[in-house]
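Shown next, in structure tokens, is the structure this report addresses.
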Protein chains: 2
Amino acid sequence: MKTVNEVSKLTGVSIRTLQYYDSLGLLAPAARTEAGYRLYDDTALERLRQIMLFRELDFPLSEIKAILDSPHFDRNDALTRQIELLRLKKERLERIIALAEDMKQKGDTDMDFEAFDSKVIEEYAQRAKEKWGGTPQYEEYEQKHGGETAEEQKSAADEFMELFAQFGALKDKPADSPEAQEMTAKLKAFITEHYYTCTDEILYSLGQMYAAEGEFRTNIDRAGGEGTAGFVSRAIAVYCGK
Amino acid sequence: MKTVNEVSKLTGVSIRTLQYYDSLGLLAPAARTEAGYRLYDDTALERLRQIMLFRELDFPLSEIKAILDSPHFDRNDALTRQIELLRLKKERLERIIALAEDMKQKGDTDMDFEAFDSKVIEEYAQRAKEKWGGTPQYEEYEQKHGGETAEEQKSAADEFMELFAQFGALKDKPADSPEAQEMTAKLKAFITEHYYTCTDEILYSLGQMYAAEGEFRTNIDRAGGEGTAGFVSRAIAVYCGK
DNA sequence: CCTTGACCCTGACGTAACGTAAGGGTGTAT
DNA sequence: ATACACCCTTACGTTACGTCAGGGTCAAGG
């Protein structure tokens, strides 16, 4: 059983914040001394760690509470998606770093802000929230995707990579060829069906991410061969009317 | 010359935010139409990009203004440090991702929060702010480090790596051997002299960063051979009384 | 010329997630 | 017995915006 002070030192979370979380009902201490001192046990600490992960993803405290308290809450599923979101965040940071390096090297007069774009992250987060029942859309989601098993989800990821392999086979044709454009439409439909509603806007953002150096590009090029990611990105740009 | 709407769509910054920045004097439009509509040119956009980089590092707007308006402001120097800070942030994210993966795999009952630690980033940011004159400490900093040229700074980085090479030579001895402890003291002194005041607390945080997978460990192991980063980390832990 | 719809303006107020300070108990070491 | 490091609650302050409300602007169409 740890006091606020100890927890604060261990976790880096301020005492005031612990009190605040308690007042919100977000994180109650396991017990209190007679004098009213808060005492935290390992269960509380584990919850705090979950909270900190969500906070890292800029989830509002109210939603964190809703998610953690939801009867549907599944720790493992939550972690999976949190990891995915953290990866997206890292990729975004990498693109920003690359931008800053560009700015430093050349005077970089072409005004580029794509790197700051976070539409994809937000869209994904939105989807995760719906799934988690942080919002009332949960039931709707359940009806659409509830029956999916872990294997089905994994096979979706494989199918996704398969799409890029198919892109790879076309990569010597021009980006505005009918074949490339058809594949782009397929990609968009696939994302909408399996992950989140993919508007042209979001699709374009995705294209930018694919082209930037990072894990995305690496994985796509692995699936479809060197240069596939760039090709997909160009095809998407054409598809979205540049 | 772009209107608020155009700038907003280009950059992802909301119109309200642009108006707010204007009211703060942080980002004034290049001109106004007769009707009072804000009009932004490329100079303004470049400034906005700088602002967004600083915001990415969680600098308060008041400090961003102070830095950008400082007579000492040097775009290139700023970018260099921003990149460094963004890298630190990325490393932190990577550690958090690794933690989340650990949590998922094993139930992970050992309460570990090191990954969330951001002392090193804050310390580095503090140093950067002092250098940039965002705070009144600028003059003091100038006196201590003002005369440093770019080459001198680069040689400092080399010297830094040299320290790890020396650590590498000791890595078969125990972490609590006098030699390892002496090297640790040297490392601490070096950081204090060249980067920021390195307390035991911060040194320990650094040690944790070195050991975690990421660029830090890669670079250190490159300088001193496989396993050097881990060795340094252990030596630091001993030095700081674990 | 007039209207409509998409923009733009300036207040003014609301909000989230804390920080800070005030006023006052607690616990144990000397 | 008092010093000192903790702890509590209550209340107000702060940052960086979001969200109206009330009211001009401007190009296109009838």
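When reading the values below, keep in mind they use all heavy atoms of this one structure, side chains included, and skip hydrogens, waters and symmetry mates. Everything numeric in this text was worked out from a predicted model, so none of it was measured. Numbered from 1 within each chain, the chains take letters A, B, ... in sequence-line order.
With a 6.0 Å radius and a threshold of 12 heavy atoms from other residues, nucleotides or ligands, A/E201 has its CD atom at or below the threshold.
Ring-plane geometry between A/F216 and A/Y210 is classed as tilted, the angle between the planes lying from 30 to 60 degrees on a 0 to 90 degree scale.
Between B/E130 and B/R127, at least one side-chain nitrogen of the basic residue sits less than 4.0 Å from a carboxylate oxygen of the acidic one, meeting the salt-bridge criterion. Taking 4.0 Å as the cut-off between side-chain N and carboxylate O, B/E46 and B/R49 count as a salt-bridged pair. With respect to A/R92 and A/E114, no salt bridge is recorded, no charged nitrogen being found less than 4.0 Å from a carboxylate O.
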So which protein N/O to nucleotides 1-4 of chain C N/O distances come out below 3.5 Å?
none

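With a 4.5 Å cut-off on side-chain heavy atoms, A/Y40 and A/T3 do not count as touching.
Atom-to-atom, OH of B/Y40 to C1' of C/dC8 comes out at 12 Å; the value is rounded to the nearest Å. Straight-line distance from the CG atom of A/D58 to the C1' atom of C/dC18: 15 Å, rounded to whole Å. Atom CD1 of A/I51 and atom P of C/dA17 are 12 Å apart (whole Å).
Side chains of A/Q82 and A/E56: no donor on one and acceptor on the other come within 3.5 Å.
Remark: B/K129 is positioned above the aromatic ring of B/F59, its terminal NZ or CZ atom under 6.0 angstrom from the ring centre and at most 45 degrees off the axis.
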TODO: If a protein heavy atom is under 4.0 Å from the base, mark B; if only from the sugar-phosphate, S; if neither, -; do that for nucleotides 6-19 of chain D going 5' to 3'.
DONE: BSSB-B----BBBB

